[in-house]
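Residue numbers start from 1 in every chain, and the chains themselves are labelled A, B, ... in the order their sequence lines are given, proteins ahead of strands. Side chains included, hydrogens not; waters and symmetry mates left out as well; all remaining heavy atoms used.
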Number of protein chains: 2
Amino acid sequence: MNNPTLEDIDKIIHEPARLLIVMHLSLVEKADFLYLLAVTGLSKGNLSTHLQKLETEGYVEISKQFLGKKPQTILQLTPKGARKLLEYKITMQNLWDKL
Amino acid sequence: MNNPTLEDIDKIIHEPARLLIVMHLSLVEKADFLYLLAVTGLSKGNLSTHLQKLETEGYVEISKQFLGKKPQTILQLTPKGARKLLEYKITMQNLWDKL
DNA sequence: AGGACTGGTTTGCGATACAAACCTAAAGGA
DNA sequence: TCCTTTAGGTTTGTATCGCAAACCAGTCCT
């Protein structure tokens, strides 16, 4: 029967705010903080902490640079992050097939 | 562009443990506590509190009866619960289509 | 009687999501 | 020049929540 279990669901990605972030990053493959801020609709604090979480888990790479005199934070999905997103998608779609 | 937002994701259903519960209930339309305990693999306490949450949100109806001398807790999805699950499914599938 | 099992519920705690408050530096106005 | 505002984030505080351990009422066994 092989019921779906909870362990199969990646909690890092499953969190809605992070799911949005990661999905957007997978579409553009590179983005800055303000872009994500706009497209996700998250608050700055919220976005910042979720990005940090994604970084410590190795899903996202955060790099900082200056654009003229303004600081800029660039985000991109790591290979691991991309893989995990794909796995998550498959897990969830399997779930739906049972429904 | 109409980006998906966080508000669209039903947090009640989104929680993995509850998603499992609700999916199983949608398949059988009626189940007792011990059946759910087995198929979901949740701990008793965890199952109990999630069911209570689903009840207070009006997604699940909890009724208790005696089967011989043993107490038995019967669970079933309410119409609202069934509708919400369907909406959740659609929301998530729309999300995947963008990916 | 008393110990173990059934069928759950309640309690305690650790983790987490979230926004408000904060911070540093640059730009603009008086 | 000083002072206020804006940009671009980060840190802090809080309230919620998921989870399992502990608990509980009732039944069965011996």
Short side-chain N/O contact from K64(B) to OP1 or OP2 of dT9(C), under 4.0 Å: yes
Show, in sequence, the C-alpha distance, side-chain angles and deciding distance for L75(B) and L51(B), and conclude whether the side-chain contact (heavy atoms from CB on, under 4.5 Å) test is met. CA-CA 8 Å; L75(B) 295 318; L51(B) 285 173; 3.9 Å; yes
Looking at DNA chain C, which of residues 50-60 of chain A put a heavy atom within less than 4.0 Å of it? H50(A), K53(A)
Would you mind writing out the side-chain donor-acceptor pairs for residues 56-63 of chain B within the sub-3.5 Å range, not counting sequence neighbours?
from   : atom 1 : to     : atom 2 : distance (Å)
T56(B) : OG1    : K53(B) : O      : 3.0
Y59(B) : OH     : D10(B) : OD2    : 2.6

Rounding to a whole Å, what distance do you find between L37(B):CG and dT6(C):P? 12 Å
Rounded interatomic separation in angstrom, taking CD from E15(A) and C1' from dA15(C): 12 Å
Which parts of nucleotides 20-30 of chain D does protein reach within less than 4.0 Å, heavy atoms only, written one letter per nucleotide 5' to 3' as B for base, S for sugar-phosphate only and - for none? BB-----S---
Residue K30(B) excluded, over 12 heavy atoms near NZ under 6.0 Å: no
Rounded to whole Å, CD of Q65(A) lies from C1' of dA25(C) at a distance of 17 Å
CD1 of I62(A) versus P of dG8(D): gap in Å, rounded? 17 Å
Side chain of S48(B) (C-beta onward), nearest among dG9(D), dT10(C), dG18(D): dT10(C)
Counterpart residues, side chain to side chain donor-acceptor pair (under 3.5 Å), relative to T73(A) (two or more places apart): K64(A)
Whole-Å distance, L19(A) CG to dA17(C) C1', equals 15 Å
Please answer whether the main-chain N or O of L36(B) pairs with a side-chain N or O of T40(B) as donor and acceptor at a distance below 3.5 Å. yes
Whole angstroms only, please: what is the CG-P distance between L75(B) and dG7(C)? 14 Å
For residues 82-95 of chain B, which side-chain donor-acceptor pairs fall under 3.5 Å, sequence neighbours excluded?
from   : atom 1 : to     : atom 2 : distance (Å)
Y88(B) : OH     : H14(B) : ND1    : 2.6
T91(B) : OG1    : E87(B) : O      : 2.8

Is there a side-chain contact between K11(A) and the phosphate of dC17(D), meaning an N or O under 4.0 Å from OP1 or OP2? no
Using a 3.5 Å distance criterion without hydrogens, assess whether the side chain of R18(A) forms a donor-acceptor pair with backbone atoms of I13(A). no
Kindly say if R18(A) contacts the phosphate of dT16(C), meaning a side-chain N or O under 4.0 Å from OP1 or OP2. no
Other members of the hydrophobic cluster containing I74(A), with the 4.5 Å side-chain heavy-atom rule, please. none
Give L34(B) one of three labels, base, sugar-phosphate or nothing, depending on what nucleic acid heavy atoms sit under 4.0 Å from its own. sugar-phosphate
Starting at atom CG of L36(B), determine the distance to atom P of dT9(C), rounded to an integer number of angstrom. 12 Å
From CD of Q72(B) over to P of dG7(C), roughly how many Å is that when rounded to an integer? 9 Å
My understanding is that only one of L19(B), I21(B), L25(B) makes a side chain to side chain contact (heavy atoms under 4.5 Å, CB included) with M23(B); could you say which? L19(B)
